[in-house]
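For reference, the structure is listed below as structure tokens.
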Amino acid sequence: MVYTLPIMPELPEVETITRRLSQVLPGKVVAAVDVHAEKSFFGKPSQLVNRKIITVSRRAKMLSIELDSTHSDTQTFLLTHLKMTGQLIYVAGNERVGGGHPTADWTKDLPSAHTRISYHFTDGTALHFNDMRLFGWMKVLDNQQLQEHYEKLGPDINDSAITDTYLFAQFQRRRVPVKQVLMDPSVVCGVGNIYACDALNLARISPFRAANSLSFAEVSTLLAASQEVIDRGIDLQGTTFDGKYVTVDGMAGGYQEKGLAYSREGQPCYNCGSPIQKVKLGGRGTYYCGVCQR
DNA sequence: AATTATGTTGCGGT
DNA sequence: AACCGCAACATAAT
């Protein structure tokens, strides 16, 4: 049985992309912007042309590219949300700069049929935004507009500012299954379906438990477990199934080979050896151990 | 071959 | 306020 799981970039995937782009983009000057799909781009290419990239950063699952202010009084940011199938691929000519090779057909020969926006820099390198399903976007924003995109968000799961006290208080307000609350960006950002499944397995907590039924100690355990699997995802450069997510250099991540519960239906739980089960919870595929996750 | 599942976010309605 | 259903879209699996 071959499983093909649609994987969206979660925090570790966007963090991996951010770290790589932080190495290659600062100092680049935009020469031209080709918008292949109007739906994917908010703003005008003329807002970016001739401007230099200063920094690249991440908040939640969004990636922000800051440009210099040479031709404007205000800071300018290019904010990206990859949603389900977005990719950012950096190339020099038609080569992956980091030596990676394409892991899916639509990452070859860029721009491909799924390339929605291409950024060409003055030194001949380019950044391509691929997005098969067209849910993702890139927006040209000023600082105030950028903050508006951030203000409704809870803290990032791997932000040192998040505490078990905060998370417990949030959980106390919610009766829905804990997995849904763990994945709610207004509560905490960065825990998508894969890492939520794995965090709950590591913490040995059932995804079905009402969020407000967890004790303070359980919330504390779950927070630590979530941070552990997210850190592991970052260390392994994210999770790649079926080439949906790839790094900036076109390479697969490594977490899919080290995961705990997600995609492991029928295989033994690493805590207790019982087979991992798959069910649907809140409309999402949920993998868990019915024996040790209580 | 038509139907279904997929996954994030934000919206409107309860 | 919390919760729920749905829409946005393309594609693979059944």
Side-chain angles (χ1 to χ4, degrees), chain A residues 1-15 17 36-42 58-63 79-88 103-107 112-117 129-139 145-146 148-154 156-157 167 169-198 207-214 230 233 238-246 253 255-256 259 261-263 265 278-287:
Chain A
M1 174 73 77
V2 176
Y3 293 94
T4 54
L5 298 169
I7 298 306
M8 130 156 208
E10 299 184 24
L11 187 150
E13 289 71 32
V14 182
E15 178 68 21
I17 292 166
H36 310 292
E38 293 290 338
K39 182 182 186 300
S40 304
F41 188 78
F42 295 74
R58 178 196 59 74
R59 171 76 169 97
K61 298 170 186 174
M62 290 179 280
L63 184 147
L79 188 69
T80 301
H81 200 307
L82 300 172
K83 291 292 179 90
M84 265 68 71
T85 55
Q87 303 176 325
L88 289 170
T103 55
D105 285 346
W106 46 292
T107 70
S112 73
H114 295 94
T115 301
R116 309 308 182 185
I117 311 167
F129 174 58
N130 291 340
D131 185 22
M132 182 176 69
R133 291 183 63 178
L134 290 164
F135 282 11
W137 43 254
M138 299 183 84
K139 301 179 181 180
Q145 292 168 322
L146 181 74
E148 287 170 1
H149 280 77
Y150 290 168
E151 65 190 8
K152 296 171 189 167
L153 300 173
D156 281 8
I157 186 68
L167 202 58
Q170 291 293 315
F171 278 23
Q172 284 293 104
R173 300 163 44 179
R174 310 288 296 271
R175 305 177 194 182
V176 293
V178 59
K179 177 164 179 266
Q180 290 174 225
V181 182
L182 187 60
M183 293 172 63
D184 184 339
S186 71
V187 174
V188 56
C189 291
V191 189
N193 203 31
I194 300 171
Y195 299 99
C197 289
D198 283 14
F208 304 105
R209 289 271 300 280
N212 66 355
S213 78
L214 269 65
I230 289 286
T239 305
T240 300
F241 283 107
D242 205 31
K244 291 294 191 301
Y245 154 79
V246 294
Y255 186 86
Q256 66 281 358
Y262 191 83
S263 87
E265 184 178 13
K278 182 187 182 184
V279 295
K280 186 164 289 191
L281 172 59
R284 297 175 136 101
T286 298
Y287 297 83

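This one's a predicted model, so the numbers in the text were calculated from it and none came from an experiment. Heavy-atom basis, side chains included; hydrogens, waters and symmetry copies ignored. Letters A, B, ... mirror the listed sequences (proteins, then strands); counts begin at 1.
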Sub-3.5 Å pairs of nitrogen or oxygen atoms, protein against nucleotides 8-10 of chain C:
residue: C:dC9; atom: O2; partner: A:Arg133; partner atom: NE; Å: 2.6
residue: C:dC9; atom: O2; partner: A:Arg133; partner atom: NH2; Å: 2.8
residue: C:dC9; atom: N3; partner: A:Arg133; partner atom: NH2; Å: 2.8
residue: C:dA10; atom: N1; partner: A:Arg133; partner atom: NH2; Å: 3.3
residue: C:dA10; atom: N3; partner: A:Arg133; partner atom: NE; Å: 3.4

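- With both ends at atom P, the span from B:dA1 to C:dA10 equals 22 Å, rounded to whole Å.
- Here the side chains of A:Cys197 and A:Lys179 are in contact, with some heavy-atom distance below 4.5 Å.
- Between A:Asp131 and A:Leu82, the shortest heavy-atom contact is OD1-O, 4.3 Å.
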Paired and unpaired positions of DNA chain B as dot-bracket, Watson-Crick or G-U wobble under 3.5 Å, | denoting a partner strand | .|||||.|||||||
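- Without hydrogens or angle criteria, A:Gln256 side chain to A:Thr240 main chain gives a donor-acceptor distance under 3.5 Å.
- Here the closest heavy-atom approach between residue A:Pro12 and residue A:Gly233 is recorded as CB-C, 3.6 Å.
- The two atoms that bring A:Leu214 and A:Gln172 nearest to each other are O-OE1, 4.2 Å, heavy atoms only.
- With hydrogens and angles disregarded, a donor-acceptor distance shorter than 3.5 Å links the side chain of A:Arg58 to the backbone of A:Ala60.
- For A:Lys152 and B:dT9, the shortest distance from a side-chain N or O to OP1 or OP2 is not below 4.0 Å.
- Regarding A:Met183, its CE atom lies at a distance of 12 Å from the P atom of B:dT6, rounded to whole Å.
- B:dT6 atom C1' lies 16 Å from atom CG of A:Leu281, rounded to whole Å.
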Where do N or O atoms of nucleotides 1-5 of chain C meet protein N or O atoms at under 3.5 Å, pair by pair?
residue: C:dA2; atom: OP1; partner: A:Arg173; partner atom: NE; Å: 2.5
residue: C:dA2; atom: OP1; partner: A:Arg173; partner atom: NH2; Å: 2.9
residue: C:dA2; atom: OP2; partner: A:Arg173; partner atom: NH2; Å: 2.8
residue: C:dC3; atom: OP1; partner: A:Arg175; partner atom: N; Å: 2.6
residue: C:dC3; atom: OP1; partner: A:Val176; partner atom: N; Å: 3.2
residue: C:dC3; atom: OP2; partner: A:Arg174; partner atom: NE; Å: 2.2
residue: C:dC3; atom: OP2; partner: A:Arg174; partner atom: NH2; Å: 3.4

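- You'll find the side chain of A:Ile157 stays beyond 4.5 Å of the side chain of A:Tyr195, heavy atoms only.
- Between A:Pro185 and A:Gly283, the residue anchored closer to the 5' end of DNA chain B is A:Gly283, taking for each the nucleotide with the nearest heavy atom.
- With rounding to whole Å, A:Asn193 atom CG is found 10 Å from B:dT6 atom C1'.
- When the C1' atom of C:dC6 is taken as reference, atom CZ of A:Arg284 falls 13 Å away, rounded to whole Å.
- For the pair A:Tyr195 OH and B:dT8 C1', the computed distance is 16 Å after rounding to whole Å.
- Straight-line distance from the CZ atom of A:Arg59 to the P atom of B:dT8: 17 Å, rounded to whole Å.
- Residues A:Val181 and A:Val187 share a closest heavy-atom pair of O-CB, 3.9 Å.
- For A:Asp198 (side chain) and A:Ala261 (main-chain N/O), a donor-acceptor pair under 3.5 Å exists by modelled atom type.
- Contact detail for A:His36 and A:Ile117: the closest heavy-atom pair is CD2-N, 3.8 Å.
- With hydrogens and angles ignored, the 3.5 Å screen pairs a side-chain donor or acceptor of A:Arg116 with a backbone N or O of A:Met132.
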